[in-house]
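Please read the structure below before turning to the comments.
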Amino acid sequence: MATTLKDIAHAAGVSLTTVSRVLNYDQSLSVGAATRKRIFAVAEELNYTKIRHPKAPSTTKMRKIAIVQWYSEAHEQDDLYYMAIRLGIEQRSQQHQLAVTRIFQNNIDQLTEEIDGVIAVGKFSAAQVNELATLTDNLVFVDDDQFAAGFDSVLTDFDQSVRQVVDFFWQQSQSDIGLIYGIETTTDGQRKIADPRYQAFSAAMTAHHAYQSELCFASDFTNQGGYQTMKQAIADLGAQLPHAFFVANDPMATGALKALQEAKIAVPARVSLFSFNDTALAKYVYPELSSVHVATRLMGTTAVDLLLQRAQRPRVPQRVELGTELVFRASTQTA
């Protein structure tokens, strides 16, 4: 039986990932010279031969893929956005009779079997991208723009949707608009991700000559984060609290709504709220949240389609950006 990377990892006393990256000469890997030497020595001792499988011709059928999610499984339960993307992936995979393995927190050491492709959902650092690329040439990212790095990417349009929200508030004569946006870091702490909604909001408000940095508040994309951030905004701004807020996701918006209600600030009579993602959560609060609807399931199915295309025929990377639509509910006023 041929020697596997798992055999080498066991004999060398290191992780499967470390073996893979060392044998692929990944220079970004921080590992001592002694460890590298030991891995190569074990590989030679076990007569390991690196096999590069040719790209599958169009007649070859993809059979098994892995979904690598940057969130933990518990975190996914609190963020229906990523759950909906995953369900879209699994639905399309079932239609194509693809077996799906789920890996959380980018722990690819759990991948002990051969896979034909990977769909990475969430945000990943350069080192994590390199690690995933050692597994397969068939790699698609969802909600992370890795197009410049040479990988297919499925994304949501932020610029137009945020501009539409700002324009809607403006049409309601609400020109003092606040923002609660998110800050994220990859699970290895190597990459800090700027919220594209902040950039789009800043541009849209600047176009109206109305951008005010003191009305923009950073949070962490959680319900508790939105709650604490809105409480801070209420305390800091007092009577100058904006008459409208755009909030970067539904969990934060529900937290912000709770803080406003505790402070007896009427929604939408005094403060209008517009959220983003339009998960089921937006409809399970009172008042129901107006929200930017994101085609999360379509993001997942599109990722599978790109993966199947890439497996059938080598091609240049593709960057697919899906549109959104505004869904109006009771948290905003309409003239």
Side-chain angles (χ1 to χ4, degrees), residues 65-94 98 100-108 110-111 117-125 128-129 132 139-146 151-158 161 180-189 191-197 219-226 247-255 275-285 289 291-307 320-324 327:
I65 68 172
I67 303 174
V68 178
Q69 294 170 276
W70 77 312
Y71 274 175
S72 66
E73 188 164 12
H75 199 161
E76 189 201 45
Q77 300 300 316
D78 296 328
D79 194 330
L80 301 178
Y81 172 75
Y82 283 112
M83 180 183 292
I85 292 174
R86 174 175 61 79
L87 292 175
I89 295 171
E90 292 175 343
Q91 180 184 46
R92 181 69 97 212
S93 297
Q94 186 176 29
L98 298 175
V100 178
T101 298
R102 292 169 56 194
I103 303 296
F104 288 94
Q105 297 188 66
N106 198 31
N107 186 6
I108 66 172
Q110 297 176 16
L111 282 174
V118 168
I119 298 176
V121 181
K123 308 297 194 299
F124 299 87
S125 68
Q128 290 172 326
V129 171
L132 290 170
L139 179 57
V140 177
F141 288 87
V142 183
D143 200 42
D144 193 12
D145 192 352
Q146 294 292 339
F151 300 102
D152 289 348
S153 302
V154 182
L155 308 163
T156 293
D157 168 59
F158 292 104
S161 57
I180 297 178
Y181 64 100
I183 296 176
E184 297 175 299
T185 305
T186 54
T187 55
D188 62 359
R191 176 187 167 205
K192 187 175 180 180
I193 301 105
D195 188 343
R197 281 155 289 221
S219 189
D220 63 359
F221 284 113
T222 67
N223 175 277
Q224 186 64 18
V247 187
N249 78 353
D250 295 334
M252 281 197 296
T254 59
S275 185
F276 200 93
N277 290 346
D278 192 35
T279 62
L281 189 61
K283 295 180 286 187
Y284 293 147
V285 292
L289 293 169
S291 190
V292 176
H293 180 75
V294 176
T296 46
R297 293 249 182 167
L298 183 58
M299 291 173 74
T301 59
T302 300
V304 176
D305 293 342
L306 288 174
L307 201 63
V320 179
E321 187 172 87
L322 301 179
T324 60
V327 178

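Just so it is clear, the values below take in all heavy atoms, side chains as well, and ignore hydrogens, waters and symmetry mates.
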For this session: Tell me, with the steps shown, if L132 and V68 meet side-chain contact (heavy atoms from CB on, under 4.5 Å).
Result: CA-CA 9 Å; L132 290 170; V68 178; 4.0 Å; yes

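- Among all heavy-atom pairs drawn from A253 and V247, the shortest one is N-CG1, 3.5 Å.
- The only option from T296, N249, D143 that meets the side chain to side chain donor-acceptor pair (under 3.5 Å) definition with Y81 turns out to be D143.
- When every heavy atom of G88 is checked against every heavy atom of T301, the shortest pair comes out as O-CG2, 3.3 Å.
- Across every non-hydrogen atom of D188 and S125, the tightest pair is OD2-OG, 2.5 Å.
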Exercise. Under the side-chain contact (heavy atoms from CB on, under 4.5 Å) criterion, do I67 and R86 qualify, and how do the steps go?
Worked result: CA-CA 8 Å; I67 303 174; R86 174 175 61 79; 4.1 Å; yes

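- Looking at every heavy atom in both residues, D220 comes nearest to M252 through N-SD, 4.2 Å.
- Using a 4.5 Å heavy-atom threshold, the side chains of V154 and D152 count as separate.
- A donor-acceptor contact shorter than 3.5 Å is absent between the side chain of R191 and the backbone of T186.
- Taken from CG in L87 to OG in S93, the straight-line distance is 11.5 Å, to the nearest 0.5 Å.
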For this session: Let me see the working for S219 and I183 under side-chain contact (heavy atoms from CB on, under 4.5 Å), right down to the final yes or no.
Result: CA-CA 6 Å; S219 189; I183 296 176; over 6 Å; no

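- Remark: the D157 side chain and the T324 side chain contain no N/O donor-acceptor pair separated by less than 3.5 Å.
- Atom OG1 of T302 and atom CG of L155 lie 11.0 Å apart (nearest 0.5 Å).
- In the model, N277 has no side-chain atom that pairs as donor or acceptor with a side-chain atom of T279 under 3.5 Å.
- Between the side chain of S161 and the backbone N or O of F158 there is at least one donor-acceptor pair closer than 3.5 Å.
- Looking only at side-chain heavy atoms (C-beta outward), W70 and V121 stay at 4.5 Å or farther from each other.
- Residues L281 and T254 form a side-chain contact, since some pair of their non-hydrogen atoms from C-beta on lies under 4.5 Å apart.
- Every ring-ring contact (aromatic ring centres under 6.0 Å, His included) that F141 has, sequence neighbours left out, goes to F124, F151.
- For CD of E184, the number of neighbouring non-hydrogen atoms (other residues, nucleotides, ligands) closer than 6.0 Å is greater than 12.
- Looking at heavy atoms from C-beta onward, L307 lies in side-chain contact with I65 at the 4.5 angstrom threshold.
- Contact check for V292 versus S275: no side-chain heavy atoms found under the 4.5 Å cut-off.
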For this session: Might you work through the side-chain contact (heavy atoms from CB on, under 4.5 Å) test for I103 and T101, ending with a clear yes or no?
Result: CA-CA 7 Å; I103 303 296; T101 298; 4.1 Å; yes

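- Considering only heavy atoms from C-beta on, Q146 comes within 4.5 Å of V129 through its side chain.
- Legend: residues meeting salt bridge (charged side-chain N to carboxylate O under 4.0 Å, His left out) with D250, ordered by chain and number and at least two apart, are absent.
- The closest side-chain heavy-atom distance from I85 to R297 is not below 4.5 Å.
- Under the 6.0 Å cut-off for aromatic ring centres, Y181 and F221 do not qualify, their centroids lying 6.0 Å or more apart.
- The closest side-chain heavy-atom distance from D305 to R92 is below 4.5 Å.
- A salt bridge between K123 and D145 is absent, with no side-chain N of the basic residue lying under 4.0 Å from a carboxylate O of the acidic one.
- Counting only N and O atoms by type, the side chains of T187 and Q128 include a donor and acceptor under 3.5 Å apart.
- Rounding to the nearest 0.5 Å places CG of D144 at 7.0 Å from CD1 of I193.
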